[in-house]
Each structure stands twice: as structure tokens, then as C-alpha cells.
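Worth saying up front: this structure is predicted, and the values here are computed from it rather than measured. Scope of the values below: all heavy atoms of this structure, side chains included, with no hydrogens, waters or symmetry mates.
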2 protein chains.
Amino acid sequence: MVGVSTRTVRHYHHLGLLPEPERLANGYREYRLRDAVALARVRRLAELGLSLDEVRDVLADDQGRELREMLLELDADLAREQAAIADRRARLAALLAEADLHPDSTVSPDMAEVLRGLPTGSSAFAELDRELLTLAATLSDSEGGAEFADLLRPLTEPEAYARGHALIARLDELADADPGDPLVAAVARDLADHLPDEMVSVMLASLDDAANGQWLEELLRELPAAQAEVFRLLVTQLKERG
Amino acid sequence: MVGVSTRTVRHYHHLGLLPEPERLANGYREYRLRDAVALARVRRLAELGLSLDEVRDVLADDQGRELREMLLELDADLAREQAAIADRRARLAALLAEADLHPDSTVSPDMAEVLRGLPTGSSAFAELDRELLTLAATLSDSEGGAEFADLLRPLTEPEAYARGHALIARLDELADADPGDPLVAAVARDLADHLPDEMVSVMLASLDDAANGQWLEELLRELPAAQAEVFRLLVTQLKERG
DNA sequence: CTTGACCATGACGTAGCGTCAACGTTTCTA
DNA sequence: TAGAAACGTTGACGCTACGTCATGGTCAAG
């Protein structure tokens, strides 16, 4: 009659949502009309989206005004959920449109162009950069890592990035060098002098936060020793200049 | 960086969504930048609403067109969910509006009026009727029991019900009577002659279906023997008339 | 040496039932 | 009248995506 499984009914018995009916001599439960009525009430509330615990509370408080509160709160929940779904569908649509144009890419079209501009394979530094930029691009349209992505976003601007592009070759030359090599200091000075303003401000802002300072250290461990040393020197110089 | 708990990361390792990184000498996992990149991709897909199994499938099929299918299917799911939520909010709003007018009622306003018209307390038959009508009203704006509610809906029409109202007194007189009492046959004939057309058609339609026939027998068991006998006779007569 | 802050594995809890499993009862059928 | 099929009973595990202990090892600071 009510359209639920026997398992569901027993579950409600177990949770105390529904009183157990009389048993027959053989132990079978015998349901009467009022049980169906009670079950239908439970189902109506449950289908509105109340949890079974909430349903129990409402039924226990038999028609207090608590029902109103819960229903209002529930409506607010549903509204939030609706908004979240709309947001997901929007991002999904964007992702689909993008996939139509660049079926091989996992990031946004302009970002993909930047990545294609990087030297591939032979350059270890470019490899790190590629990963870093991919990470930033991936995080930037998710939810959790928004703050981190904000820090790196200026790096994903095509122009800003193109200006720093030529520096990669100089860094790659240091791949196998010794951290004490005089070239290290030279490249660091060059970087400090010619680095685009956006990148400098991003780095300084990043260093202000203790947690980001940690990340920087971790990132440098991915690089050959001499390259890492370049960045340590660079950081020192930039800090001195303010 | 990515904004998830370590527990989540380990969960992804366990599910095979994310490769386990190298271990340090002490057994600690050492994560590198590419792990963060991989994790970010998992999160992006998961936050779009894919299940973790689906995420694994997508990542395994590395950029096949299967991604498109899944995303389209997912979008359809989300659309359905959106519609479902909208529906629930609509019912919820109706319920809230109704509660404002009649804080003590659990059914729709017109139904509440019908119920108030029934004799209360002293009449066992009215009591059964009240439960039956409440059940129908409760089911009618839920989902599962729609078919059953459709059968009983004509009974909830105020006019139709009011016309049958006077018959209740006659039935109540039989509460303690013997099933063989001559009054039983008399009341049954009276009912057959004066029952509103809507109720007759509902009963006949209901009897056509085997499952509903079952329900009728169950319902009759709720009544005193003489009253139940009245309805059995009534059913026989109505069937003969077609 | 202690204290606290990490890391590791393993296991249980969550919501709302679906789905066996193992066994007794009733009803239909040969 | 016996056996099969179709019910009923209780009990327990499965599912999602992790949160939250429990228990124990590791490491840096006071």
C-alpha cells in the first residue's frame, strides 16, 4: 500500500520510528490500518528530505512548532544544495566545451597554450614549471585550493610568463653544476634584475606566509642543487630590496 | 596545498586513485610535486560529482572519449537531482503555508475540513474511515503510493464524502450486532441504493485488481463482524449490478 | 629524558536501507 | 500426504567517502 519494502519497515521499527505491531501466535507481525497511516507519515517526512533521526524527533514532539524550524532549516539546506549543483553543472559545461576544442588538454585553453610554449623533455626546470603551472590551473577551478591558486595565478598570465621564458635556458645550464659555482650567483643577480614584476610580487607575498615558505623549500628540493641555490640567493636579494 | 586531509590522500592510495610515493628510510611517505598534480586532478573530477570509482576509470582510460560520456551522463544525473530538489522545495513550501493556517493538521486544508466533519470518538466506523482518508491524503502528495491514492482520491472530495456521511450512523448501530442479524442485510441494501456514484465506481475499480481485493479483506478485518458482513454483501450486490 | 608533534597501520562509525544466510511456517501442487 | 514454493523470522555484512580513535614508532626541542 505505502510502497516501501518490508526491510524498510523493519528498519523503521529498529530505529523506533514506527511501533512494532502485535505478533501472531507464530511470531509474524500483524499490521493494521493505523500502522499504514503511521508509516505513510514517516515516508512523507522522509521524502521531503528529513533524516530518519529528524523524523523521529518531529514525531516525538508531536506537532510542536519544532516542525516549522526543521522545515525552514531543511529548506535552507536544499537551497544551498541547489546552488551547489548549479555551480557544478556550470563548471561541467565549461569543461565539456573546452574538451570539444582541445580533447587532449586537462586545463583551460589559454593555459594549454602557455604549456605548449615551454621547452619539453630536455629541460628539467621547464618540467618542474610545467607541473607547477598545471597544478595551479587545476586548483584554480576547484574549491579547496583557491587561496593557493590565487598566489600562483599571475604566473599563468601568458604575457607575464613569456617574459620569463628566456631565463629558463640559463637555469638549465646549471643543471649539473656545483652549488658553489660562480655562475650561480651571476644567474641569481640576473634573475633579480630582469624578473617580471608580477612574479616578484607573487614570490614576496608567498614568502610572507609561513606555510608558503615551507612549500617553497619543498619545491626547491625538486631541483638540482645549483638551481635551488639560485633561488635561495634570489629570495635573499629580493627580501633585501623589499 | 591541495586542501584535503591526509586521511583522504591515504584513502585515494587505498583505492588506487593515486600512486603511493617513495618511502623514506623510516617508512614515511615522501610526496613530490607530481603527486600534488595528480591529487589535484582527482579532486577536480571528484568535486564535479564523479564517484571515486568513476574517477579511477576516467584516469585509467587516460583521456579517451569515455570522459565525455561520463560527464554527459553525470550532467543528466545532476539535472534530475536538481528537478527532484525543486519538487521537494515546492512541496515543502506548500506544507509550510498550510501549517501557518492550520498548525494542528498534518494533511491538506480541505481534507482537514472533511475529517472535522466526521463524528469523533464514539463511532468505530468513523474512526476507520478517518484513518483511511488520512492515509490516502498523506500518500497522495508523496511519491510511492500514488496509484493507491488515486483510487481513494474520489473519496476525499468534500461533496462526495458529505453525501455518504449520514450512513455512518446506521453502520455504527451494528457495532455489537451479530453477523447474521437481519439488520445487516437491510443496511447493505440501503447502502447499495443510496451510495454516491463516485464511491461505487471506486469500489468496483478497486475490486478489479487482485491486490486491491486483498487490501479490502484486510480492511474489513478492522471492523466489527456485522459491519464487515454488510460490506461483503454490498460488494456482492454491486458486482451483480455491474 | 620527557614532552609534544609528527608519521604509520588498522579498525570502527556514518545513512538508509539491499541483500544474503539460516531457519521456521504456510500454502500450493503433484 | 509429501515435497516444493513462497512466505515469515532474526542477524549480519555491503555500500560511499572519508572522520575519528587506538596503538605504537620517529623526530626535534626543552
Side-chain angles (χ1 to χ4, degrees), chain A residues 1-18 20-32 35 39-59 70 74 77-78 81 84-85 88 142-144 210-211 214-215 217-218, chain B residues 1-18 20-32 35 39-59 70 74 77-78 81 84 88 142-144 210-211 213-215 217-218:
Chain A
M1 286 173 63
V2 186
V4 301
S5 67
T6 64
R7 181 66 178 87
T8 298
V9 173
R10 286 208 285 262
H11 188 51
Y12 293 166
H13 287 325
H14 192 69
L15 295 186
L17 291 182
L18 215 54
E20 287 257 4
E22 302 286 316
R23 301 296 186 113
L24 258 31
N26 53 16
Y28 289 15
R29 294 174 178 82
E30 189 180 38
Y31 294 98
R32 317 212 54 174
D35 299 306
L39 176 59
R41 284 182 51 183
V42 171
R43 287 304 302 170
R44 187 162 74 135
L45 293 174
E47 281 169 12
L48 283 172
L50 281 82
S51 76
L52 297 189
D53 281 354
E54 291 169 330
V55 171
R56 181 176 43 197
D57 292 349
V58 169
L59 293 182
M70 302 204 57
L74 174 61
D77 280 355
L78 289 180
E81 209 172 324
I85 291 184
R88 274 169 20 186
S142 93
E143 298 171 1
Q214 280 288 34
W215 295 344
E217 257 318 302
E218 298 291 327
Chain B
M1 285 173 64
V2 186
V4 301
S5 67
T6 64
R7 179 66 179 88
T8 298
V9 174
R10 286 208 285 262
H11 189 51
Y12 293 167
H13 287 325
H14 192 68
L15 295 186
L17 292 182
L18 215 55
E20 287 257 6
E22 302 286 318
R23 301 296 186 115
L24 258 29
N26 53 17
Y28 290 14
R29 294 173 179 81
E30 190 180 38
Y31 294 98
R32 316 213 55 176
D35 298 307
L39 176 58
R41 285 181 50 182
V42 171
R43 288 304 300 172
R44 187 163 73 134
L45 294 174
E47 281 169 11
L48 282 173
L50 281 82
S51 76
L52 296 189
D53 281 354
E54 291 169 330
V55 171
R56 182 177 42 197
D57 293 348
V58 169
L59 293 182
M70 302 204 56
L74 174 60
D77 279 356
L78 288 180
E81 210 173 323
R88 277 172 11 189
S142 92
E143 299 170 358
Q214 281 286 36
W215 295 344
E217 257 318 303
E218 297 293 326

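Listed nucleotides D/dT9, D/dA12, D/dC18 differ in distance to A/Arg10; the shortest reach to its side chain belongs to D/dT9. The nucleotide whose nearest atom lies closest to any side-chain atom of A/Arg7 is, among D/dT9, C/dT19, D/dC18, C/dT19. Of the candidates C/dT19, C/dT9, D/dC18, D/dC18 carries the atom nearest the B/Tyr12 side chain, counting heavy atoms from C-beta on.
Between the CG atom of B/Asp77 and the C1' atom of D/dT16 there is a distance of 15 Å, rounded to whole Å. Separating the CZ atom of A/Arg23 from the C1' atom of C/dT25 is a distance of 14 Å, rounded to the nearest angstrom. Taking atom NE2 of residue B/His11 and atom P of nucleotide C/dA11, one finds them 16 Å apart after rounding to whole Å. Distance CG (A/Leu18) to C1' (C/dC17): 15 Å, rounded to an integer number of Å. Across the protein-nucleic acid pair, A/His14 atom NE2 and C/dC17 atom P stand 14 Å apart, rounded to whole Å. Atom CG of B/Leu24 is separated from atom P of C/dA8 by 10 Å (rounded to the nearest Å). Remark: P of C/dC7 and CD of B/Glu30 are 13 Å apart, rounded to the nearest angstrom. Whole-Å rounding puts the B/His13 NE2 to C/dT9 C1' distance at 14 Å.
Proximity of A/Asn26 to the phosphate of C/dT26: a side-chain N or O atom is located under 4.0 Å from OP1 or OP2. In this model, the phosphate group of D/dG19 is approached by a side-chain N or O of B/Ser5 to a distance below 4.0 Å at OP1 or OP2. One finds a side-chain N or O of B/Arg29 lying less than 4.0 angstrom from the OP1 or OP2 phosphate oxygen of C/dA8. Here B/Thr8 reaches the OP1 or OP2 of D/dG19: one of its side-chain N or O atoms lies under 4.0 Å away. For the pair A/Arg56 and C/dG16, the criterion of a side-chain N or O lying under 4.0 Å from OP1 or OP2 is not met.
Between the A/Arg56 side chain and the A/Gly16 main chain, no donor and acceptor come within less than 3.5 Å of each other. Under the 3.5 Å distance criterion, the side-chain polar atoms of B/Glu54 are matched with a main-chain donor or acceptor of B/Ser51.
Within the nucleic acid shown, B/Thr6 has no heavy atom closer than 4.0 Å to any nucleic acid atom.
We find that B/Glu30 and B/Arg23 are not joined by a salt bridge, their nearest charged nitrogen and carboxylate oxygen being 4.0 Å or further apart. Taking a cutoff of 4.0 Å between a charged side-chain nitrogen and a carboxylate oxygen, B/Arg32 and B/Asp35 do not qualify as a salt bridge.
Between the side chains of A/Arg7 and A/Tyr12, no donor-acceptor pair of N or O atoms lies under 3.5 Å.
You'll find a donor-acceptor pair under 3.5 Å spanning the side chain of A/Tyr28 and the base of C/dG24, going by distance alone.
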